[in-house]
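Here is the structure we will look at, set down as structure tokens.
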Amino acid sequence: MSSPYINIHTHCTLAPTAQIFSLPNVIVSKNYLFPHPCSLGIHPWYIEQNATAQLDALHQYGKKKQVLAIGECGLDKLCDTAWTLQETIFRKQIAYANSIQKPLIIHCVRAYQECLQILREEKVRVPVIFHGFEKKNELAAQILRYGYFLSLGNALLSGKKDELIQQLPLNKILLETDDKSVNIVDIYAYFCRVRKIELQLLKEQLYQNFTHIFNYPIGK
């Protein structure tokens, strides 16, 4: 049986199927926890002024076996949440991910250098995925030098990231739909067309990347 399509980050609530394995994101204090595989985090947009209850919920549910990753969490210079609060909660989520040994899914808007610095300062010891990456090749190379992963999504379909697609090492990427109504199959197909590789090769490589990062066997 061939590897499934893997959608590493989505805000759609569909459970995984044999053809498509999706990892929906649960935002603490906004969504309910799913009974099937998901990620769970305190999103910088939705941090409450007193975030103690949110952190308690993260600690309570983050250990559950269906929670495969912590996040999306991170920094966003375009949202209204106070910067110091964003930093504090991001640091706490890195520490928590370290303590339970689950990967981090990073939300980052106009704050890449700050994110990278905090990940270093907090001595992150788990795999790190920058989700929805659509920035310049130089920034991609910098993130990869730290050993982190990049997840690419709907922005690829604009045709403006073809050079990035051609340059990225296949063992350091994942694909996603995020909150867009695009099909993950179309993102895979576009990537293959630009990279000039067989779909089966990409599916197999991303399956290996997923199992390496999440230590979670998807039925094949």
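Because only heavy atoms are used, hydrogens play no part in the values below, and waters and symmetry mates are left out as well, while side chains stay in.
Summarising the geometry of Ala57 relative to Val28, their closest heavy-atom pair is CB-CG1, 4.0 Å, with the distance given to 0.1 Å. The minimum heavy-atom distance linking Ala140 with Leu164 is given by the pair CB-CD1, 3.7 Å. Taking every heavy atom of both residues into account, Cys79 and Pro44 meet most closely at SG-O, 3.9 Å. Here the shortest heavy-atom pairing between Pro37 and Leu68 reads CB-CD1, 3.9 Å. Scanning both residues, Tyr188 and Pro4, for their nearest heavy atoms gives OH-O, 4.5 Å.
The cluster map of Ile, Leu, Val, Met, Phe, Trp and Tyr, joined by side-chain heavy atoms under 4.5 Å apart, puts Ile105 and Phe34 in the same cluster. Under a hydrophobic-cluster definition in which Ile, Leu, Val, Met, Phe, Trp and Tyr are linked whenever side-chain heavy atoms come within less than 4.5 Å, directly or via other members, Trp45 and Trp83 are assigned to different clusters. A single hydrophobic cluster is seen to contain both Val126 and Ile118, as judged by linkage of ILVMFWY side chains at heavy-atom distances under 4.5 Å, directly or through other members. Under the 4.5 Å side-chain heavy-atom criterion for ILVMFWY residues, no single connected hydrophobic cluster contains both Ile42 and Val109. Ile27 and Phe130 sit in two unconnected hydrophobic clusters of ILVMFWY residues. Membership requires side-chain heavy atoms under 4.5 Å apart, directly or through other members.
Not one N or O on the side chain of Gln93 forms a donor-acceptor pair closer than 3.5 Å with the backbone of Ile70. Distance alone, capped at 3.5 Å, places no donor-acceptor pair between the Asp76 side chain and the His107 backbone. At least one donor-acceptor pair under 3.5 Å links the side chain of Asn183 to the backbone N or O of Val185. The backbone N or O of His11 sits nowhere less than 3.5 Å from a side-chain atom of Asp179 that would complete a donor-acceptor pair. With Thr81 contributing its side chain and Gln86 its backbone, the two residues share no donor-acceptor pair below 3.5 Å. With Thr177 contributing its side chain and Lys180 its backbone, the two residues share no donor-acceptor pair below 3.5 Å. Panel note: side chain Tyr207, backbone Ile6; no donor-acceptor pair is recorded below 3.5 Å. Here the side chain of Glu114 pairs no donor or acceptor atom with the backbone of Glu87 at under 3.5 angstrom. In this structure a side-chain-to-backbone donor-acceptor pair under 3.5 Å is missing from Arg120 to Tyr146. Not one N or O on the side chain of Lys77 forms a donor-acceptor pair closer than 3.5 Å with the backbone of Ala111.
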Show, in sequence, the C-alpha distance, side-chain angles and deciding distance for Arg91 and Glu121, and conclude whether the salt bridge (charged side-chain N to carboxylate O under 4.0 Å, His left out) test is met. CA-CA 9 Å; Arg91 289 179 188 275; Glu121 289 174 357; 2.7 Å; yes
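A cation-pi arrangement, defined by a distance under 6.0 Å to the six-membered ring centre and an angle within 45 degrees of its axis, is absent between Lys172 and Tyr148.
The aromatic rings of Tyr216 and Phe210 lie perpendicular to each other, with more than 60° between the two planes, well past the 30° mark. Aromatic ring orientation, Tyr46 versus His43: perpendicular (interplanar angle above 60°, classes split at 30° and 60°).
Side-chain N/O atoms of Ser29 and Gln54 include a donor and acceptor closer than 3.5 Å. At a cut-off of 3.5 Å, with distance as the only test, a side-chain donor of Gln205 or Asn209 sits close to an acceptor on the other residue. In the model, Asp162 has a side-chain atom that pairs as donor or acceptor with a side-chain atom of Tyr190 under 3.5 Å. Residues His9 and Glu176 have side chains that never bring a donor and an acceptor to within less than 3.5 angstrom of each other.
Atom CG in Leu152 sits 11.5 Å away from atom CG in Asn154 (nearest 0.5 Å). To the nearest 0.5 Å, atoms CD1 (Ile184) and CD1 (Ile8) are separated by 9.5 Å.
Side chains of Leu199 and Tyr5 form a contact here, defined as non-hydrogen atoms less than 4.5 Å apart. Pro24 is not listed as a side-chain neighbour of Thr13, based on a closest heavy-atom distance of 4.5 Å or more. Two residues are said to be in side-chain contact when any heavy atoms from C-beta on lie closer than 4.5 Å; Ile47 and Thr88 fail this criterion. At a threshold of 4.5 Å between non-hydrogen side-chain atoms, the residues Glu72 and Ser39 do not count as touching. Between Leu58 and Tyr96, some side-chain heavy-atom pair lies under the 4.5 Å cut-off.
Environment of NZ in Lys92: sparse, with no more than 12 heavy atoms of neighbouring residues, nucleotides or ligands closer than 6.0 Å. Other residues, nucleotides and ligands contribute at most 12 non-hydrogen atoms within 6.0 Å of the CD atom of Gln49. Around the CG atom of Asn137, the shell of radius 6.0 Å holds more than 12 heavy atoms that belong to other residues, nucleotides or ligands. Around NZ of Lys136, the count of heavy atoms belonging to other residues, nucleotides or ligands within 6.0 Å does not exceed 12. In Tyr112, the OH atom is crowded: over 12 heavy atoms of neighbouring residues, nucleotides or ligands sit closer than 6.0 Å.
Here the options are Lys203, Gln208, Glu204, Gln200, the test is side chain to side chain donor-acceptor pair (under 3.5 Å), and the partner is Ser3; only Glu204 passes.
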